[in-house]
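Comments concern the structure below.
Computed over heavy atoms, backbone and side chain alike; hydrogens, waters and symmetry mates excluded. Please read these numbers as outputs of a predicted model, since none were measured by experiment. Here is how names work: the chains are called A, B, and so on, in the same order as the sequence lines, proteins then strands, and each is numbered from 1.
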2 protein chains.
Amino acid sequence: MLSFTEENYIKAIYHLSDAGQLAVSTNDIALHLQTKAATVTDMIKKLANKDLLAYEKYYGVSLSKKGKTTALYIVRKHRLWETFLVKKLGFQWDEVHEVAEQLEHIQSNLLIEKLDAFLGHPETDPHGHPIPDKNGKVKQVKQFSLSQGKNGSKYIVSEVKDGSATFLQYLAKYDLYPGVTIQIKEILPFDGSMIVQLQNKQKITLSKATSENILIKNNE
Amino acid sequence: MLSFTEENYIKAIYHLSDAGQLAVSTNDIALHLQTKAATVTDMIKKLANKDLLAYEKYYGVSLSKKGKTTALYIVRKHRLWETFLVKKLGFQWDEVHEVAEQLEHIQSNLLIEKLDAFLGHPETDPHGHPIPDKNGKVKQVKQFSLSQGKNGSKYIVSEVKDGSATFLQYLAKYDLYPGVTIQIKEILPFDGSMIVQLQNKQKITLSKATSENILIKNNE
DNA sequence: TTATTTTTTTAGATTAATCTAAACTTTTAT
DNA sequence: ATAAAAGTTTAGATTAATCTAAAAAAATAA
């Protein structure tokens, strides 16, 4: 069984490596986990000994199959808990991250399977991130950035990338959550900002930075 | 903020001291926490420095007001989580303890207040133990052991003391949970066992050891 | 009341996770 | 191509939680 800390390293490496493909550098991990490079070196040696990742001195690490499976299970737990907090306990979607960071380390397969069933086997969490299934399978959605949407087209919001509390609160103000339909009404050429119409017909302006952080899918 | 381990010590001392009145010995704590007396001595010095308990060398410890408040909050969290696991997730009552031991250490007041509301502000957990309220107040019920019940009388089961999985499974087989009404039909003098009638009119025999572990209250 | 037993504490190590400072390797820039 | 910069590892400490073994204190028994 992995310690709390080991689990956090595995999860960090998973996220930094874009689902476990690329090699990740010591410094990136240190930055992500707010710790020192020397500490990371020690820990990745330990994780390499447990066959959770492949480590080549001075060239970073990449997760093994076992490491990826472990990471996906932690991600599954994190996203199920976030879903629970929002859907059942009435948390705002900007309030859930820190609590889910703790809950994801609870060790009980029975708990997770029962929680999953209680939530109705959700496929995505409140931010639109896919929830890996019991076997670690992730359902991929064909999605792209709102900034790449065409003027006049209708789309469904599928995911939000930046998870900062202020950004999420801003979106919440307009009920701009995964699942809602929006239409691009105008794209302003000089700064890339756009005017979109919401489900309630209200029109709002989104900066380029904002629209890049909102992922959408086609309105089939 | 207390560590996981510190919290477990405070909780252990609370339970061993019968709600924080009596002094608790080093050995009792070691036994309860499956650790060594030397380890306990170190830890209680640390907790004494944090003003969570009063420690007199060779004469054991007793919780301070701050220590009691801390203990009651941990107990509150533990019992709310057990209630959630049984009432919402469909756990059997003999399956919840280990998971609740982990969940009780999650740090989020918002989570606990929302969970409490979601559960409808329950007053007792699935074993009939009272859940301390937000301010640490515990509602005491006038209850006594079933072994002290009078032949012919009807009572309401209020709590089960022994929490071993096998004991709880045995009671579950007869739907003998806190809240159900039972009537004592016969007390056998030679071994102290008794025959009780359940809500479904079925009669079962309970050994003295069993009836001592079931608490009841009067059927007002 | 003194000796024996039990309980508790102290002393000294160990392991996991962390750090700083110094050494080493790789990358980048002239 | 070499020097400087950036990134990584090693060496040596530190803190929290734990242990064993030995010493000390308290309780019990003869």
Side-chain angles (χ1 to χ4, degrees), chain A residues 1-18 22-63 67 70-71 74 101-102 104-107, chain B residues 1-18 22-63 67 70-71 74 101-102 104-107:
Chain A
M1 220 190 56
L2 299 184
S3 73
F4 193 99
T5 306
E6 289 170 323
E7 288 197 344
N8 280 337
Y9 273 81
I10 293 296
K11 193 176 60 139
I13 295 164
Y14 177 81
H15 286 310
L16 288 170
S17 68
D18 189 31
L22 298 67
V24 179
S25 78
T26 304
N27 252 0
D28 283 356
I29 299 170
L31 223 69
H32 189 87
L33 292 177
Q34 308 256 64
T35 183
K36 296 298 147 84
T39 308
V40 173
T41 300
D42 281 349
M43 181 55 81
I44 60 188
K45 280 180 187 169
K46 192 169 147 192
L47 295 173
N49 276 331
K50 293 190 180 189
D51 294 320
L52 289 158
L53 46 81
Y55 166 50
E56 207 186 338
K57 244 178 158 182
Y58 294 105
Y59 292 92
V61 299
S62 54
L63 291 180
T70 302
I74 302 168
E101 287 283 300
Q102 297 180 63
E104 72 189 7
H105 300 289
I106 302 291
Q107 305 286 341
Chain B
M1 217 191 55
L2 299 184
S3 72
F4 192 99
T5 307
E6 289 171 324
E7 288 197 345
N8 281 337
Y9 273 82
I10 293 295
K11 194 177 59 139
I13 295 163
Y14 177 80
H15 286 311
L16 288 169
S17 68
D18 189 31
L22 298 64
V24 178
S25 78
T26 304
N27 253 1
D28 284 355
I29 299 171
L31 223 68
H32 190 87
L33 293 177
Q34 307 255 66
T35 185
K36 297 297 145 87
T39 308
V40 173
T41 300
D42 281 349
M43 180 57 80
I44 61 188
K45 279 181 186 169
K46 193 169 146 193
L47 295 172
N49 277 331
K50 293 190 179 188
D51 294 319
L52 289 158
L53 46 80
Y55 166 51
E56 207 188 336
K57 244 177 158 183
Y58 294 104
Y59 292 93
V61 299
S62 54
L63 291 179
T70 301
I74 302 168
E101 287 282 300
Q102 296 180 63
E104 73 190 8
H105 300 290
I106 302 291
Q107 305 286 341

Whole angstroms only, please: what is the [atom1]-[atom2] distance between [X] and [N]?
X	N	atom1	atom2	value
A/Phe4	C/dT15	CZ	P	24 Å
B/Lys57	C/dT7	NZ	P	19 Å
A/Tyr59	D/dT9	OH	C1'	14 Å
B/Leu47	D/dA16	CG	C1'	12 Å
A/Lys36	D/dT8	NZ	P	15 Å
B/Ile29	C/dT8	CD1	P	9 Å
B/Tyr55	C/dT10	OH	C1'	10 Å
B/Asp42	C/dA13	CG	C1'	12 Å

Could you please name the option among D/dA21, D/dT18, C/dT18 that lies closest to any side-chain atom of B/Ala38?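 Comparing D/dA21, D/dT18, C/dT18 against the side chain of B/Ala38, the answer is D/dA21.
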For the side chain of A/Thr41, counting heavy atoms from C-beta on, which of D/dT10, D/dT20, C/dT8 is nearest?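 That would be D/dT10.
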N or O in side chain of [X] less than 4.0 angstrom from [N] OP1/OP2:
X	N	answer
B/Thr35	D/dT18	no
B/Tyr58	C/dT6	no
B/Asn27	C/dT8	yes

Considering only heavy atoms from C-beta outward, does the side chain of [X] approach that of [Y] to under 4.5 Å?
X	Y	value
A/Thr41	A/Tyr55	yes
B/Leu16	B/Ile29	yes
B/Asn8	B/Glu104	yes

Can you tell me which residue among B/Val61, B/Leu2, B/Thr39 is in a side-chain contact (heavy atoms from CB on, under 4.5 Å) with B/Tyr9?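 Exactly one pass, corresponding to B/Thr39.
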Let me know, please, whether B/Thr26 or A/Ser3 comes out on the 5' side of the other along DNA chain C by nearest nucleotide.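 It is B/Thr26, whose closest nucleotide lies nearer the 5' terminus.
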A/Lys11: which of A/Glu101, A/His105, A/His32 passes side-chain hydrogen bond (donor to acceptor under 3.5 Å, both in side chains):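 Exactly one option meets the side-chain hydrogen bond (donor to acceptor under 3.5 Å, both in side chains) with A/Lys11, and it is A/Glu101.
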Pick base, sugar-phosphate or nothing for B/Thr5, based on heavy-atom distances below 4.0 Å to the nucleic acid.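 Sugar-phosphate contact only.
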